[in-house]
Each structure stands twice: as structure tokens, then as C-alpha cells.
Amino acid sequence: MIASEGINKPSTVDTNQAGRERKLLHTIRAADDVLKNNLYVVTLNGKEYRRTVPSKEFYVHQWNWDSATVAMGLIHVDPERAYDELRALVSGQWENGLIAQITYNPTETKYYPQAPKWHTEQFRRGEIVTSGITQPPVLGIAMDYVYRHSPDKEKANKFLEEVLPATMKYHDYLKKYRDPEDSGLLTVVHPWESGTDNSPRWDSSMTHIDLSDIPQAVKDDVDANRTDDKLGKASHRPTQEDYYRFMGLVDKFSKLGWDYKKIVAQSPFAVKDILFNSIWARANEALAGTLESVGRGKEAKKYRQWAEQTKQALADTWSDEHQQYCDIDVAQGRHELIVKPTNTIFAPLYAGAVTDEQLPKVLARLSDPEQFWTNYPVPTAALNSQKFELTRYWRGPTWPINNLFIAEGLSRYGSRSALAREMGVHLVDTTLDMISKDGFYEYYDPTNGAARPGRDDNATKFGFGKFSWPAAIYIKMYKDKEALRH
Ligand code: GLC
């Protein structure tokens, strides 16, 4: 048992218990309103789909890992919508099993790249149009969570009829195409697949994508049509060169006919991503758990084995020299460790992959106020690192989605380490307080928890507003915390 010697607990967290509880409850209602506001109803192939868009200010389609997370919040406030959310998420699944990063709402155009830019027509399910890459596979975790928290067993079983086979097929796709060498670690081929698009951990891999190899037409298209830097604040967003590379990859993959055997082998960007793989391990455990609870234990075995294999492989990426787990750049025959001080190095906690020997070292790094244990932890890049940028997306600010994984990861180690338990509880408290203070933004200032510096100045807010992720995560964290008390 690792003892807790007292961690930095900034006085910024409201200590007036009664007042705090009132405010938190009020925020639950506000979170529910945001999720209602972001509901999008669309009829495709003659069927009505209900999905939640991340933010109507910019992200007006269905995003894979956002949607899965949102379902885990919705099950507590509107179970029917939670089932529908995941049904809609799997509705565009490709024949090979891929569940895409984006499922498009066909009439919406403000998000760039729009659907036609992907050239994925031949993989469409009728009118359901998607992008061609994926995102962290939170789906299995969400399916299991929604199933277990469902107030109505009959409806929950009905929900599984559709979502369980799709989830199994998705996992089979990921294993087959993204880990052809059976290493236990899946390969992601685009920074957008990692979900942490603009993270400093991709900086060196991005420079391997030669700008002169990207067709001029692709660059012209970005110059003429990119919208994120106009609808949002340009200084918070990726650079123009990053966007050339993002769209250069899309162009390359579509020219390879979206054949993932070729893409994984030939992509100039290919990494074994620690966060993606930690989610993958946990999703396999969750999927196996669902199968076991519906009497399909035999089929569960394969997914349990995959989870164990990935956990071992994650533990093996630990570098004692750098005191962190490392992503690995495997593009075009490379095998280079990526050593960057980002908060994704704590994701193996979520997978349960951290060994007894590694645990104190991981906690020492996370609890350091100079690096990650800021007033409102956990910044996407270490506060004292040269890479840290206060407002640029994925390069400094605190994101609720990372906090969800880290807090649940810490609690997984709570019985072995008092410090992990204490940090997990504190992280839930600061995340709830942060969201309740300023509302539902894409990300927050890790030093003071603000999302609207200057409060009424819309132009300087952190990312886009009325955001579904913080709303759903707020509800989930709050309810899970309640459940722990009883
Ligand atoms: C940004 C994020 C990505 C997220 C999407 C919608 O692209 O980088 O992780 O899924 O927004 O919220």
C-alpha cells in the first residue's frame, strides 16, 4: 500500500460543502440542457436517428468517442437517448467493421472537411455517410456502462441486440487491420484518430510528412475552405501546415482506396498510441464483461486475452530513463519512442496496465504541481515544459475527457495505493468544480479552471462552447461519485 503524504490541494476548490452541493446539482440540470440543445434528429434510409453533436458552434456531426462518452452521461438522465446515441453511432459501420471518426449530418456544412472530401462513397450504408478513419474505441466501454446502468432490463437487452454485434465486429476490425503483427498495440494512422489531434506528442512524426509530397490541390483546398480557424480563434487552433498534413493524409488514404492493409503499411504517419491502446484494453475488458453477463462467456475469452496482451504491451513501453510510458512511431519501418510530457502518459492507469514497480513513479510524476498537478489538473502538456501553450488545443489546457480516464484509472489503483485513491477523488472534485464554475467548454485553463478569460469576451473563450463532452462527463462523474457513497 503506497501511503499518501498529502498532495497539493489548492484552496480554489469550494470548501463550503452545502453551497457546493447546491451548485453541483444545479449544474446537472444545466448539463442536461446542453445535451438537449445538442440533440440532432435526422432521417436516413427511412429511419430516424437521434444523435448528439459535440457543439453546434462548429462540430455539427456525430464524433465517435464523443458520442460514446455522451451515452454514458445520457443513461443517467434520458436512457432512451443513450440507447439511440449508440445505435446511431454504429449505423454507419463499414462492411469491414470500421466505425468512423465522424458520421455526417448530410445537410450541415460548417465543419471542414465536409463529407465529400473523404471519397468514402463506396463504403456508405445507403444514405449514411462517414469519414474514413476511426477514433479511440470508447464504444465497448460505453455499451457495457449503458447496459449495466439501464433502468429497464428488457430495453437494455433490445439495445444490445443491435449494438453488441456491431461492437464485436469493430473490435475484430481493429485487431485484424491495426495490429497485423499481433504486438498487442494497435496502430493509428492519423492524428485525428488519436483524438488528441494537435498533441505535442505528434510533432516529430508530423515532420516526417513531407509538405512537398502533398498535392498543391490539397493545400489550395485547405487555404480556400478551412473553417475551424474562422469560427474559432486561429491562435488556439492547429497551424496551416498541420492542416496541409492532416488533409494530405486523407488524400493519400483515399487514393489507396481506403484499403487498410496498404494504409497501415504505407502511411507516413503511423503510431502505437498509448491513450488509444489504453482505451482499447479497457474496451476489450468491458466487451468481455457484457458477453459474460449475457451468458456468452466462450466468446468473451478472445477479448479478455486481447485486453491482457495489450496491458502487458503497454507496461513494456515504460521507459525508466524518461519516467514515462512512450508512444512508438512505427511509420514506414521506423521504431522510434516518442518522449513528450503530455497527460496521455497516465492513460495506462485506466487500462490497469501499471505494474507495482511503475505505480509510485507514475504517481510521483502526476502529483508534481510543477508538471501536471496544477490547480485544475491535468493539463494536456506539462506546465513546466517548453511545449506548454495555455490556450492552444491539446497543447496545454485541461480537457475533461482526459480527466475522466485518469480519475477512473486512479480509482482502479485505490485499493493498492492511498495516494492514488486520494488523487482520484481530488481530480473528480476539481473537474466538477471547473465545469460548474464556467460552464460547458471544450477545454479549460489548468491554472485557474477558467474557460472564459474575461468572462464576457466570446472571442477568447477556450475552444467552442455549449459542448457535449463536459456536460456528459459532469453527469457521469457526479453520479458515479454518488454511487460510491452508497
Ligand atoms: C476535436 C478533437 C476530437 C473530438 C472532436 C469533437 O477534433 O480533437 O478529439 O472528437 O473535436 O469534439
Side-chain angles (χ1 to χ4, degrees), residues 34-35 37-38 40 51-73 85 88-89 99-105 108 110-114 117-118 130-139 141-142 188 190-202 206 226-229 231-233 236-239 242-243 245-247 249-250 269 273-276 278-279 342-344 347 380-381 389 391-405 435 440-444 451 461-473:
V34 166
L35 294 178
N37 177 71
N38 291 350
Y40 201 101
R51 44 174 74 136
T52 309
V53 303
S55 166
K56 287 193 170 164
E57 292 178 12
F58 177 56
Y59 301 105
V60 285
H61 309 287
Q62 183 172 26
W63 263 260
N64 187 330
W65 73 325
D66 297 62
S67 191
T69 317
V70 161
M72 294 193 276
E85 186 70 36
L89 177 58
I99 294 184
Q101 160 228 20
I102 301 174
T103 306
Y104 279 88
N105 286 321
E108 293 288 342
K110 70 162 71 140
Y111 175 81
Y112 173 89
Q114 293 80 5
K117 308 272 178 199
W118 293 89
T130 69
S131 69
I133 56 174
T134 192
Q135 266 193 325
V138 181
L139 170 63
I141 299 164
V188 303
H190 196 297
W192 290 343
E193 287 204 317
S194 78
T196 64
D197 316 356
N198 199 31
S199 172
R201 61 200 177 118
W202 309 140
M206 285 285 270
R226 186 178 170 192
T227 54
D228 62 304
D229 54 341
L231 295 168
K233 201 167 159 68
H236 295 191
R237 304 291 305 175
T239 64
D242 286 334
Y243 252 80
R245 291 185 166 104
F246 292 154
M247 292 309 290
L249 288 172
V250 171
F269 182 96
D273 168 353
I274 295 301
L275 173 63
F276 194 101
S278 297
I279 291 169
T342 63
N343 66 2
T344 51
T380 32
E389 291 181 68
T391 54
R392 202 186 286 274
Y393 114 131
W394 293 117
R395 303 181 80 88
T398 293
W399 289 63
I401 185 70
N402 294 98
N403 284 10
L404 177 70
F405 300 137
I435 298 171
F440 307 94
Y441 288 86
E442 196 171 6
Y443 45 84
Y444 298 79
K461 68 182 195 255
F462 276 44
F464 294 98
K466 288 207 180 153
F467 219 91
S468 298
W469 247 344
I473 289 168

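One-based numbering, in listed order, for ligands and for the atoms of each.
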Less than 4.5 Å apart, any side-chain heavy atom of Glu442 and any of Phe462?
-> no
Report, in ascending order of atom number, the atoms of ligand 1 lying under 4.0 Å from any heavy atom of Gly195.
-> 2 (C), 3 (C), 8 (O), 9 (O)
Determine whether the aromatic ring centres of His190 and Phe246 lie less than 6.0 Å apart.
-> yes
When you check the gap from the basic side-chain N to the acidic O, do Asp273 and Arg201 get nearer than 4.0 Å?
-> yes
Does any N or O atom in Gln135 lie less than 3.5 angstrom from one in ligand 1, N or O only?
-> yes
Go through ligand 1 atom by atom and flag the ones less than 4.0 Å from a non-hydrogen atom of Trp65.
-> 3 (C), 4 (C), 9 (O), 10 (O)
Should one rank Phe464, Trp63, Phe58 by closest heavy-atom distance to atom 5 (C) of ligand 1, which comes out on top?
-> Trp63
Is any side-chain heavy atom of Thr227 closer than 4.5 Å to a side-chain heavy atom of Lys110?
-> no
Pairwise side-chain contact, Tyr40 with Glu108, heavy-atom cut-off 4.5 Å (strictly under) = yes
Report the nearest protein non-hydrogen atom to atom 1 (C) of ligand 1: residue, atom name, distance rounded to 0.1 Å.
-> Tyr59 OH, 3.4 Å
Starting from atom 10 (O) of ligand 1, which protein heavy atom do you reach first, and at what distance in Å?
-> Asp66 OD1, 2.6 Å
Close approach, Phe467 and ligand 1, non-hydrogen under 4.0 angstrom = yes
Heteroatom proximity flag, Trp399 to ligand 1, N/O under 3.5 Å = no
heavy-atom search around atom 7 (O) of ligand 1 in the protein gives Asp197 OD2, 3.0 Å
With a 6.0 Å cut-off on ring centres, are Trp65 and Trp469 close enough?
-> yes
Here the atoms of ligand 1 under 4.0 Å from any heavy atom belonging to Trp394 are 2 (C), 8 (O), 9 (O)
Parallel, tilted or perpendicular: which describes the rings of Tyr441 and Tyr444, with under 30° parallel and over 60° perpendicular?
-> perpendicular
